[in-house]
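These numbers come from a predicted model, not from an experiment. Remember, it's 1-based here, ligands and their atoms both numbered in the order they're listed.
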Amino acid sequence: MQELCKSQCEPCRVGAPVLPKAEQLQLLEGLDGWQVIEVDGIEQVTKFFDFKNYIQAMEFTNHIAELAEKHGHHPAILTEWGKVTVTWWTHKIKGLHKNDFIMAAHTQEIYHQRIEEALANI
Ligand SMILES: C[C@H](O)[C@H](O)[C@H]1CNC2=NC(N)=NC(=O)C2=N1
């Protein structure tokens with residue numbers, strides 16, 4: 001995860017190959033609690049994050065939106081009371097690219113940073 005978290009998204013062209021399952025599993029090992037799902041035949045990597053309330057969930061959602069804009073790579077986000085589910089896949093290849101695992105690593109890093117900040121303010 002350390003390596004992924006320091007990585008930047010690579011240019012991904014239409015028609016690029018989706019990640020083979022073996023590489024997906026290897027990249028998952030570097031993450032914490034993410035899983036690969038398939039939705040309408042499209043493989044995606046997803047994880048949900050817990051929060052104290054809806055405002056904190058929304059703040060995290062907006063932080064991920066800023067991350068996505070910065071990298072030009074955007075997730076599906078479901079924001080609920082106390083919970084945010086973030087799901088990454090690459091639209092242009094209709095599946096998983098290494099970029100999705102890089103962005104998952106950045107996502108969980110943001111969550112951990114926010115938790116540490118909250119604990120520091122107790
Ligand atoms: C033009 C724009 O950069 C592209 O459409 C980007 C936008 N964000 C994206 N996000 C994701 N998840 N997959 C993409 O293929 C993608 N393409």
Exercise for review: Can you sort out which atoms of ligand 1 are near Trp89, meaning under 4.0 Å from one of its heavy atoms?
Suggested key: 11 (C), 12 (N), 13 (N)

For [atom], what is the closest protein heavy atom, and at what distance to 0.1 Å?
{"atom": "atom 6 (C) of ligand 1", "result": "Gly72 O, 3.8 Å"}
{"atom": "atom 10 (N) of ligand 1", "result": "His74 N, 3.0 Å"}
{"atom": "atom 16 (C) of ligand 1", "result": "His91 ND1, 3.9 Å"}

Review point. Are Lys98 and Glu3 close enough for a salt bridge, meaning some N to O gap below 4.0 Å?
Key: yes

Practice item. Step through it carefully: locate the ring centre of His73, locate the ring centre of His97, and say whether they are under 6.0 Å apart. Key: no

Check your understanding: If hydrogens are left out, which of His97, Lys94, Lys92 has an atom nearest to atom 17 (N) of ligand 1, that is, the closest non-hydrogen atom?
Key -> Lys92

**Study point:** Glu80, CD atom: more than 12 neighbouring heavy atoms under 6.0 Å
**Key:** yes

Exercise for review: State, with a plain yes or no, whether a side-chain heavy atom of Ile102 is found less than 4.5 Å away from one of Asn99.
Suggested key: yes

Point to revise | Sub-4.0 Å heavy-atom contact, Trp88 with ligand 1 | key: no

Check your understanding: Given the rule that I, L, V, M, F, W and Y join up when any side-chain heavy atoms are under 4.5 Å apart, are Leu119 and Phe51 in one cluster?
Key -> yes

